[in-house]
Engineer: 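Take this structure, written in structure tokens, and hold onto it; I'll ask about it next.
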Amino acid sequence: MIEIARTRRTSSASASLFFERWCAIETHPEWAPSMEYFKLSEPFGVGARGVLKAVGGQESPFRITAVGPGFIYADTTELDAAELTVHHEAVEGLDGTEVTLSAWLDGPGEAQLARGMSAEVQRSLERDLASLAALLEG
């Protein structure tokens with residue numbers, strides 16, 4: 001497993017608001033400008049499968065790999081040579097909500113994929129978190 005991106009932000013929006021938007025799969029493109037769509041083919045929950053499409057990319061299968069405890073959500077996208085997991089976590093603190101997004105690759109092609117996609121995934125996570133925070137704080 002190779003972590004390829006991580007971003008953190010403190011927000012005035014509650015952890016529950018972040019969690020609600022992460023779990024509303026169909027709304028991800030509203031705050032994740034790099035994504036064209038997310039579609040589940042089964043009811044929401046850990047193990048639920050669907051397809052997603054990044055802007056300019058190909059449709060890829062994904063599955064929900066974590067929901068809670070607390071305000072945690074993760075999904076894993078199946079790529080040709082590895083899986084890409086994006087983990088979302090929000091924790092209430094004294095100075096606001098600490099929100100962390102991280103991404104890692106796991107599989108036989110993780111090192112090669114990491115070299116080719118780390119920078120773009122980092123930029124995407126930063127944009128996505130900034131966009132969602134602005135939406136929830138507004």
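Values below: all heavy atoms of this structure, side chains included; hydrogens, waters and symmetry mates excluded.
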Engineer: Is there a side-chain contact between Val91 and Thr97 in this structure, where contact means two heavy atoms from C-beta onward sitting under 4.5 Å apart?
Structural biologist: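 A side-chain contact is absent here, since even the closest heavy-atom pair is not under 4.5 Å.
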Engineer: Run the salt bridge (charged side-chain N to carboxylate O under 4.0 Å, His left out) check on Glu42 and Arg63 step by step: do they pass?
Structural biologist: CA-CA 10 Å; Glu42 17 187 307; Arg63 68 186 181 284; over 6 Å; no
Engineer: Looking only at non-hydrogen atoms, find the nearest pair between Ala82 and Gly109 and report the distance.
Structural biologist: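 Nearest heavy atoms, Ala82 then Gly109: CB-C, 4.3 Å.
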Engineer: In plain terms, say whether Glu59 and Lys39 are close enough for a salt bridge, that is, a side-chain N and a carboxylate O under 4.0 Å apart.
Structural biologist: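 Salt bridge absent between Glu59 and Lys39.
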Engineer: Using side-chain heavy atoms (C-beta onward) and a distance below 4.5 Å, is Leu136 in contact with Phe18?
Structural biologist: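 Side chain of Leu136 against side chain of Phe18, heavy atoms only: contact under 4.5 Å found.
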Engineer: Indicate yes or no for a side-chain donor-acceptor contact from Glu92 to the backbone of Ala15 under 3.5 Å, with no hydrogens or angles considered.
Structural biologist: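 Yes.
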Engineer: Under the criterion side-chain contact (heavy atoms from CB on, under 4.5 Å), which of Val121, Leu84, Leu105 is the partner of Leu113?
Structural biologist: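 Going through Val121, Leu84, Leu105 one by one, the side-chain contact (heavy atoms from CB on, under 4.5 Å) with Leu113 is satisfied by Leu105 alone.
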Engineer: Group every Ile, Leu, Val, Met, Phe, Trp and Tyr by side-chain heavy-atom contacts under 4.5 Å, then state whether Val51 and Met35 land in the same group.
Structural biologist: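 In one cluster: no.
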Engineer: Hey, are Ser102 and Glu3 close enough side-chain-wise for a donor-acceptor pair under 3.5 Å?
Structural biologist: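 No.
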Engineer: Minimum heavy-atom separation for Pro43 to Ala48, with atom names?
Structural biologist: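 The pair with the smallest heavy-atom distance is O-CB, 3.1 Å.
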Engineer: The test is side-chain contact (heavy atoms from CB on, under 4.5 Å); show your working for Asp128 and Ser34 and say whether it passes.
Structural biologist: CA-CA 8 Å; Asp128 292 354; Ser34 62; 3.9 Å; yes
Engineer: Could you tell me the separation between the CD atom of Glu78 and the CG atom of Asp80, rounded to the nearest 0.5 Å?
Structural biologist: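 CG of Asp80 is found 11.0 Å from CD of Glu78.
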Engineer: Taking the side chain as C-beta and beyond, is there a heavy-atom pair between Val55 and Pro33 under 4.5 Å?
Structural biologist: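 They are not in contact (no side-chain heavy atoms under 4.5 Å apart), so the answer is no.
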Engineer: Going through the checks in order, is the side-chain contact (heavy atoms from CB on, under 4.5 Å) test met by Arg6 and His87?
Structural biologist: CA-CA 9 Å; Arg6 177 177 291 270; His87 181 88; over 6 Å; no
Engineer: Is the closest side-chain heavy-atom distance between Val86 and Trp104 below 4.5 Å?
Structural biologist: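 Heavy-atom side-chain distance check fails, nothing below 4.5 Å.
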Engineer: Starting at CZ of Arg49, measure out to OG of Ser41 and round the result to the nearest 0.5 Å.
Structural biologist: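 OG of Ser41 is found 8.5 Å from CZ of Arg49.
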Engineer: Within the structure provided, determine whether Phe62 and Leu40 are in side-chain contact (heavy-atom separation under 4.5 Å).
Structural biologist: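 Counting from C-beta outward, Phe62 and Leu40 do come under 4.5 Å.
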Engineer: Within the 4.5 Å heavy-atom criterion, are Tyr37 and Leu52 side-chain neighbours or not?
Structural biologist: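 No, their side chains stay 4.5 Å or more apart.
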Engineer: Using atom types as modelled and distance alone, determine if a side-chain donor or acceptor of Glu110 lies under 3.5 Å from a backbone N or O of Gly107.
Structural biologist: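 Yes, the answer is positive, given that a donor and an acceptor are paired below the 3.5 Å cut-off.
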Engineer: For Ser124 and Glu120, which I'm curious about, is there any donor-acceptor pair between the side chains at under 3.5 Å?
Structural biologist: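 A donor-acceptor contact under 3.5 Å links the two side chains.
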Engineer: Taking atom CG of Leu132 and atom NE2 of His28, what is their separation to the nearest 0.5 Å?
Structural biologist: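 Output value for this atom pair is 8.5 Å.
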Engineer: Is it true that Arg21 and Glu30 have a side-chain N and a carboxylate O under 4.0 angstrom from each other?
Structural biologist: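 Yes, Arg21 and Glu30 are salt-bridged.
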Engineer: I need the minimum non-hydrogen distance between Ile72 and Pro69, along with the two atoms involved.
Structural biologist: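 Scanning both residues, the minimum pair turns out to be CD1-O, 3.5 Å.
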Engineer: Within a strict 4.5 Å, meaning less than it, do heavy atoms of the Tyr73 and Ile25 side chains meet?
Structural biologist: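 Answer yes - side chains close enough.
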Engineer: Please state whether the rings of Phe71 and Phe19 are parallel, tilted or perpendicular, taking 30° and 60° as the class boundaries.
Structural biologist: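 Phe71 and Phe19: perpendicular rings.
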Engineer: Ion pair present between Arg8 and Glu98, side-chain N to carboxylate O less than 4.0 angstrom?
Structural biologist: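 Salt bridge flag = yes for Glu98 with Arg8.
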Engineer: So, does Ser60 use its side chain to make a donor-acceptor pair with the main chain of Thr77 at under 3.5 Å?
Structural biologist: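 No, because the side chain of Ser60 does not come within donor-acceptor range (under 3.5 Å) of the backbone of Thr77.
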Engineer: Can you see which heavy atom on Ile64 is nearest to which on Gly45, and at what distance?
Structural biologist: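 Shortest heavy-atom contact: CB-O, 3.5 Å.
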Engineer: For the backbone of Ala24 and the side chain of Thr27, can you confirm whether one donor and one acceptor N or O come within less than 3.5 Å of each other?
Structural biologist: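 Yes, Thr27 side chain to Ala24 backbone: donor-acceptor pair under 3.5 Å.
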Engineer: Kindly compute the distance separating OG1 (Thr100) from CG (Leu125), expressed to the nearest 0.5 Å.
Structural biologist: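 Going from OG1 on Thr100 over to CG on Leu125, the span is 11.0 Å.
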Engineer: Report yes if some heavy atom in the side chain of Thr65 is under 4.5 Å from a heavy atom in the side chain of Thr85; otherwise report no.
Structural biologist: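 They are in side-chain contact.
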Engineer: Taking all atoms of both residues into account, what is the closest heavy-atom pair of Gln122 and Ala5, and its distance?
Structural biologist: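 Heavy atoms of Gln122 and Ala5 come nearest at OE1-CA, 3.2 Å.
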Engineer: Could you label the plane-to-plane angle of the His88 and Trp22 rings as parallel, tilted or perpendicular, counting under 30° as parallel and over 60° as perpendicular?
Structural biologist: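 Answer is tilted, since the angle falls between 30° and 60°.
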